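Okay, structure first, notes after.
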Amino acid sequence: MMPSNKSVSDAPIFQFTNCRILRSHQLQREDLWVREGKILNPEKLFFDEKGSADIQLDCKDSIIAPGFIDVQINGGFGVDFSLAVDDVQSGISLVSQKILSHGVTSFCPTLVTSPPSVYHKVLPQISIRNGGPHGAGILGAHLEGPFISKEKKGAHPEHYLSTFESGAFQDLLATYRHLDCVRIVTLAPEMKRSSEVIQELTRQGICVSLGHSVANLSQAEEAVRHGATFITHLFNAMLPFHHRDPGIVGLLTSDQIPARRRVFYGMISDGIHTNPAALRIAHRAHPKGLVLVTDAIAGMGLAPGKHTLGQQVIEVDGLNTYIAGTKTLSGSVATMDSCVRHFLEATGCTVETALEAASLHPAQLLGIEHRKGTLNYDNDADFLLLDDSLRVRATYIAGERVWSQDTFTI
Amino acid sequence: MRVAALSVASGPSHMFPGHAPASAGTEIGSISLSGLTSFFSCKLFTITMRLVILDNYDLASEWAAKYICNCIIQFKPSQGRYFTLGLPTGSTPLGCYKKLIEYHKNGDLSFKYVKTFNMDEYVGLPRNHPESYHSYMWNNFFKHIDIDPNNAHILDGNALDLQAECDAFEKKIEESGGIDLFVGGIGPDGHIAFNEPGSSLASRTRLKTLAMDTILANAKYFDGDLSKVPTMALTVGVGTVMDAREVMILITGAHKAFALYKAIEEGVNHMWTVSAFQQHPRTIFVCDEDATLELRVKTVKYFKGLMHVHNKLVDPLYSMKEEN
């Protein structure tokens, strides 16, 4: 190794070799360079700093992809984020550590419809923080409800549903109280005064998502005009596509989307929530908007049986998760990497497309793609080493290995 | 036992006057095995012009790469004693670079003690532009080998004082002890580097305005849009390359055939600047069949007949593994 002569920093430079990296929407046979937790530009290093690598790591022909970002996850491993406990942070920490093995490097802990007391207690305990060996990074909370439709409540408890028709944004504020760490809010746009609420949330930098709703297409389009940019688990908990009124699903091909804006839509590709044919229809209609989410519940990662989801009891049997005693789906026990694999297989899409649906697109949705979701130079070095079947071999956050298979060392 | 026979040409001008017997040129006679070693060790004192003709582009690239490889290894470069290489860009040397990278990846060749000086760079193109020669060298060569970044020299087309940048480049070459082997290409208009037709054959590193032929030839790298092609470049001069101890010109493809004809079968002429190398003490032209299409059949037959001699320069192919 030649002596380094770097003028910008003395921190060690890592060169990941013998790999294929996802860059510019393609898998390229290139090395990945990392310094101080960020992706480094090796050409700039060579010509400007006359620098070279300190440590070279042979990735054994792995695929290197940006770390997965899960924007809808309700819990896992026995932890339910919506349960009002005194120590929410330890539950979140446990899940954040466990999902590293699924390839998730950043996520939005999701709270389902709950009474205001729960929000008042739980939200102040959630803090946005970087990931690391302790676990995946927390981007902020996703509040799914209580401002949703009674007809499409799914597994959400009816007596805690709420409206904001009297005080609009003030009603929302009274319910949630603390918005500092909130990143996404799912609501039903057909509710009275939703436009004002959507506008104010958007103004405050909070992503508004449409879901658990009976809105028709023009109501959905109006919501998008006011700032909504996401659809919560497309097809589930909304009116089905109808050829004379496509409803929220119609946003995928609507011509009323403001210029330079894109509507994203979450899909749970666990093979249960959506028929593969429906997954393919959505993907083909609007491939650049598809965001893979797990919508995982406390039972994820645990043995089958009874678990909770907020105020409800859920029964888990294999991959199926229903409200106890019913056939109403409620969340999933899928892991993010299995969703990516199922998506690849069900749609026959390219590996690049499957990987971007779990990394680039959620980053674009949250407006953080200059930092996360890609392997572009100067982005955070959150990445995964995968084999050709897209099984996770190792997970890195800020350039540090935070998880790897026992049998995989580089 | 055969004896090494090395004859030396005297005087400049035409290599092949149409009527002259073959001995008017330079030739290398047959060489014994023991003579081969002494052949290399007294390389510096022999004066030769070789035209090496291979069947196709890949074979020509490989021959050139093998020659460079052997030159470096035989030189036995070490700390404080670097092998200096002049390097070209463009589509012609790509195959040669690929082969050199292959030798490096196999562990047969290291660039740890090699210094490089590129011939030219566009003026005003950002260094990280995909068509800059910095990008070219990084992507096609430097990123695949173990060269010390301090030893890879390319002119800076965005320097504040362009002439000072050129003067500094000449100085760096001088300080490194001069160039051992300068590898170059030829333009369709017979230019070497960006020494366009009409350039002084004594020229040094300087700023040049590009000829229309060159701009047209380069348009393919800029989406076919002439307005995007840089119009000026910094380039080593003909004189700068003539100072190298050895010069190897790679010429492949039918579109270069006329330029090759002008360069070696006609006189030394500043309108075809590669012709200057008829006067260089050690030059090798490495070509494929297509590039010889405008030469006389007699010329081509003569040099093809010498291939068994030329091939001794690349066979055996040395490896740094043996050195250890």
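Keep in mind it's a predicted model, so treat the numbers as computed, not measured. Atoms considered below: every heavy atom in the structure, side chains included; atoms not considered: hydrogens, waters and symmetry mates.
With rounding to the nearest 0.5 angstrom, the CG atom of A/Asp31 is 9.0 Å from the NE2 atom of B/His144. Distance check, rounded to the nearest 0.5 Å: CG of B/Asn151 to NZ of A/Lys50 gives 9.5 Å. The structure places OG of A/Ser52 at 6.5 Å from CG of B/Asp148, a figure rounded to the nearest 0.5 Å. With rounding to the nearest 0.5 Å, the separation of CH2 in B/Trp138 from CG in A/Asn41 is 8.0 Å. Between atom NE2 of residue B/His134 and atom NZ of residue A/Lys44 there is a gap of 13.5 Å, rounded to the nearest 0.5 Å.
Residues B/Ser135 and A/Glu43 have side chains in contact (heavy-atom distance under 4.5 Å, counting atoms from C-beta outward). Here the side chains of A/Phe46 and B/Ile147 are in contact, with some heavy-atom distance below 4.5 Å.
B/Lys172 NZ: more than 12 foreign heavy atoms inside a 6.0 Å radius. Under a cut-off of 6.0 angstrom, the local environment of CZ in A/Arg391 is sparse, with at most 12 non-hydrogen atoms contributed by other residues, nucleotides or ligands. At most 12 non-hydrogen atoms from other residues, nucleotides or ligands lie less than 6.0 angstrom from NZ of B/Lys171. When the shell of 6.0 Å around CG of A/Asp58 is examined, it contains more than 12 heavy atoms from other residues, nucleotides or ligands. Within 6.0 Å of the CD atom in A/Glu352, the count of heavy atoms belonging to other residues, nucleotides or ligands exceeds 12.
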Passes side-chain contact (heavy atoms from CB on, under 4.5 Å), B/Ile154 versus A/Phe47? Steps please. CA-CA 9 Å; B/Ile154 309 181; A/Phe47 287 125; 3.8 Å; yes
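Of all non-hydrogen atoms in B/Pro149 and A/Gly51, the two that sit nearest each other are CG-O, 3.5 Å.
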